Each structure stands twice: as C-alpha cells, then as structure tokens.
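These notes are about the structure you will find just below.
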Number of protein chains: 2
Amino acid sequence: MQSTRVIQDDQAVRDRIMAAALIRFRQYGYNKTTMAEIAADCDMSTANIYRYFANKQEIAGLCVANCIQDRIRCVEEVASRVDCSASERLRGFVLTLLQNCHDTWSKDLKIHELLLFITSEHPEIVHDKIARLQELLQAILEYGVSTGEFQVEDTVSTARAIYSSIAVFDIPLSMNFYPLQVFRARANEVVDLLLKGLSYTGKLQRYEEGSPP
Amino acid sequence: MQSTRVIQDDQAVRDRIMAAALIRFRQYGYNKTTMAEIAADCDMSTANIYRYFANKQEIAGLCVANCIQDRIRCVEEVASRVDCSASERLRGFVLTLLQNCHDTWSKDLKIHELLLFITSEHPEIVHDKIARLQELLQAILEYGVSTGEFQVEDTVSTARAIYSSIAVFDIPLSMNFYPLQVFRARANEVVDLLLKGLSYTGKLQRYEEGSPP
DNA sequence: ATAATGAATATTTAATTGAATATTCATTAT
DNA sequence: ATAATGAATATTCAATTAAATATTCATTAT
C-alpha cells in the first residue's frame, strides 16, 4: 500500500507541474517559459522539478502528446456518432480535423510552435496520430460497408488513400494559404468526390478508342 | 528598330545575370551568394546589375519563377500525351508532380530554400502555380468526359477537389515523412480512389436504415 | 528513506560591435 | 543618351562576450 500511495502522490506532483507548464507554454511559448517560473507556479524549487522529469523537453513532449490526445478525442466522437450515416461520419471527421488544425494554427500559435519543435525531435508522435486517424477512417468505412452505403474491397488501403487525400486539411502550415471558410468549401468538395468513389459499384464505363465524336 | 534592338540587348544582359545567379544559388544558396560574385561571373561591376534588376531578391524571384515554369512544363507534357487515356493522364500528372516535388526537396535543396524564402514574400507565385495545375486537371477531366471515361458534372470544382486531394504530394515539406517509394504507393492509391469517383455513374446505393443484418 | 532545497556548473540566449555585403549615386566612358 | 563604374552609404551577418537559464549535486528537512 505504501508504494502505491507514493506513486499516486508522484503522479499528482507530475500533473501539477505539467499543468503549470502548459499554461505558460500556451501563453509565452516554449523558449520564453523558464523552469524557474514553472517551479514558482508550483511553489517548489527549480531543482525539485528534476525529481519528476528528466528535463524541460520531456515536460513539453508530454504536454504536446496530451494536446494531440484531446484533438483526437474530438475526432473519435464525430467518427462514431450513432445517429449519423457513414457518409456523415466521414464528412464530420474531415471537417473536425480541419477545424482542429485551423485552431492550432491561428488560436493556439504557441502550441503550434511547441508541436513543431517537439515533433521534429519525436516524429513517432505524428506517425502514431496518423495511424490512429487511419484506424478511425477504417472504422467509418467498415460501418459504411456494413450498412451498404459503401462498396469497398480493401478498407485498410482505402483508409490510407482517404487520409492522403485529406492530409492537406491536417497540416497546420497549409492553413496559411486560404481562410478557414475557403478550406471548408474545399474539404466539402473533396468529401463529395471521395463519397462517389466509395459508393462506386464497379460498373466501369469502358473507354472505346475513337468511338465518341 | 533602334528601340527594339536595345530592348533585346537588355534582355540578353538580364538573362546572362540570371543564369550566373542561378548557378550560384543552386550551389551555395541565396545568402551565400553575393552580388559581387554574380557581377564577377558576368564580367561587370556590382553596380551595373542594378541597372537591370531592382535588387537581389528580384533576381531570385525570377529564378524561382523559371524553375516552377520548368516543372510545370513536365506536368503539362504528361497531362496531354496523345497516346494516353484520361485515367493514365491523371495518374501521370500526379506521379510527375510527386517526382518534381521530391527532386526539389532532396536533390535541389538549395533551390528549395530559395523557393521557401521567395514564396513567403510572394505567395502569388504559388497561387499562380496551383491555378495552372487546376487548369491542367480540368483539361484532363474534360478530355475524360469527351471520351466517355469520366462522368463529371462540374469540371472546375472537381479539378479543385482533385488538387486538394493530391496537394500533399506537391508540398515539399511532406517529403520528410516517408521515402519516395512509399509516397508513390500512396499516390497510386489516391488515384485509384479518385478514378472510382470520376467514373461514378450516379447509381447511388441507397442506404436503408436497419435493413442489413 | 524520501522529498526538497540552495548553490555550483553547464548550456543557451541576447546584446554588442566589427566586418561583409547590398544598395545608391556621382562620375566616366562610349 | 546609354551603359558602366568606383566609391560612399546602408544594411545584414558573424564573432564575442555578458547575462540568463537549464541542469546537477551536495546538503538539509521531514
């Protein structure tokens, strides 16, 4: 019991430090946040933080991972709404991803900096996120197949293809190019086109050389 | 006649300067290339360059625009091959775009730096490029409709949607994430899916609530 | 023993300034 | 008049160092 008690206490301290750090990272960014400030916010010495974290970057990495988790939870929610068709789930998925991406870029600029910095050191964080999004897409596809909405042979490769098609809406850098409103319209156009492909029945119009005018 | 003569001479000098500049930009990058070096390569004084260009950035901007032009010409060629079906043209278009993008990133790193720098000052260069690519896509679509390969109502909005879907293959930054081989596979998957959407006949499977098991 | 600290050390950032480079301009050559 | 130049000026870059910050550790408190 004693050891459990201690581990829980440890986690509480870790959480307290991370919460304080995140507030400062959000407001001032990674570089302008000092370990001394984080420590002061937690009413402890700077040195004591190092009992709980290896270094500043570890704290930032965990903050970023948490943010990504939160973002993914939004998407998961939309991707599994019981009152929605598979098509609606797919559209919701894409628009939510876009909204998240835009928010990170424009509202949460400091977090975006942090994300850029951390993911350049730990690309596996991004890969894990993409893998999770593709799982969600696959689930939407399987749901669509089960309801008869979609005709899809290979849900894994199709989920990959869909993610590639909508990746541009999940890359904060691209948010520079157009206002959100334009991106929404573009995302909707892409979803419309994808939905046609997904409900494709296989009755391909054969191309006959020279027959049309 | 005299004035024409002079203008032609002017253009010849401009071309000579730009050629010399491009060689240095390619090898050493924008910052490590000095106006003095460019001038020496052209056997003229530094000051004389300013008779032909407003400043160093203008020279770089024109070099970049030329490079983009060259890249687009490759794509144009593929997009209008007489011996190819519309589907083949579309696939060629995407794979060529990807190849260009990858080359710029990995082989022509210095030019990529330049491109990044110039397009941050002149986003219209990128917008023009995207507009031209969308025109080419539209031409492929119209060709596909004319041969009966594609069923597309609105070629303009569909061309936009296709560009959005494949934009990730046209963003040098993304070349970091996977090797070219993987990107090629992804691009092919996306094209496969898009082609299904394009040849979609409109006979949509209706989703009937609760009817499947 | 565990948690925490203050002080010492190592590393990073920020300010300074001299050197390199871009740009301008008065003057010269054609 | 047009083209070109050398020298003057403005701007940017890079090396230097002082200050700030991250990290470690010996010591103290619980």
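Here the structure is a predicted model, which is why all the values come from computation and not from measurement. Letters A, B, ... are given to chains in the order of the sequence lines, protein chains preceding strands, and every chain is numbered from 1.
- Between B:His102 and B:Phe169, a ring centre-to-centre spacing not shorter than 6.0 Å is recorded.
- In the set D:dA22, C:dA3, C:dA4, C:dA3 carries the atom at the smallest distance from any side-chain atom of A:Asp10.
- Put simply, CD on A:Glu58 is 11 Å from P on D:dT23, counting in whole angstrom units.
- Annotation: side chain of B:Gln151 is not in contact with side chain of B:Leu198 (no heavy-atom distance under 4.5 Å).
- In this structure, the CG atom of B:Asn48 is 16 Å from the P atom of C:dA29, given to the nearest Å.
- Heavy-atom nearest nucleotides on DNA chain C were determined for A:Asp43 and for B:Tyr50, and the one closer to the 5' end corresponds to A:Asp43.
- Partner assigned to D:dT27 is C:dA4, using Watson-Crick or G-U wobble distances below 3.5 angstrom.
- With rounding to whole Å, A:Arg14 atom CZ is found 13 Å from C:dA3 atom P.
- Each of A:Ala47 and B:Ile49 has a nearest nucleotide on DNA chain D; the 5'-most of these lies closest to B:Ile49.
- Using a 30° and 60° split on the angle between ring planes, B:Phe117 and B:Tyr30 fall in the tilted class, from 30° to 60°.
- The distance from atom NZ of A:Lys56 to atom P of D:dT24 is 14 Å, rounded to the nearest whole Å.
- In this entry the distance linking CG of B:Asn31 with P of D:dA14 reads 8 Å, nearest Å.
- Base pairing annotation: D:dT12 forms a Watson-Crick or G-U wobble pair with C:dA19, both donor-acceptor distances under 3.5 Å.
- Regarding B:Arg51, its CZ atom lies at a distance of 11 Å from the C1' atom of D:dT5, rounded to whole Å.
- Of the possible polar contacts, one joining the A:Glu149 side chain to the A:Ala86 backbone as a donor-acceptor pair under 3.5 Å is found.
- Among the protein residues, A:Phe53 comes within range of no part of the nucleic acid, since none of its heavy atoms lies under 4.0 Å from any strand.
- Among the heavy atoms of the strands lying under 4.0 Å from B:Thr34 are primed sugar atoms or P, OP1, OP2 only; no base atom is included.
- Atom OH in A:Tyr30 sits about 20 Å away from atom P in D:dA20, given to the nearest Å.
- Residue A:Tyr28 contributes atom OH, which lies 18 Å from atom P of D:dA20 at whole-angstrom precision.
- Note on ring orientation: taking the six-membered ring where Trp is involved, the planes of B:Tyr178 and B:Phe183 are perpendicular (angle over 60°, cut-offs 30° and 60°).
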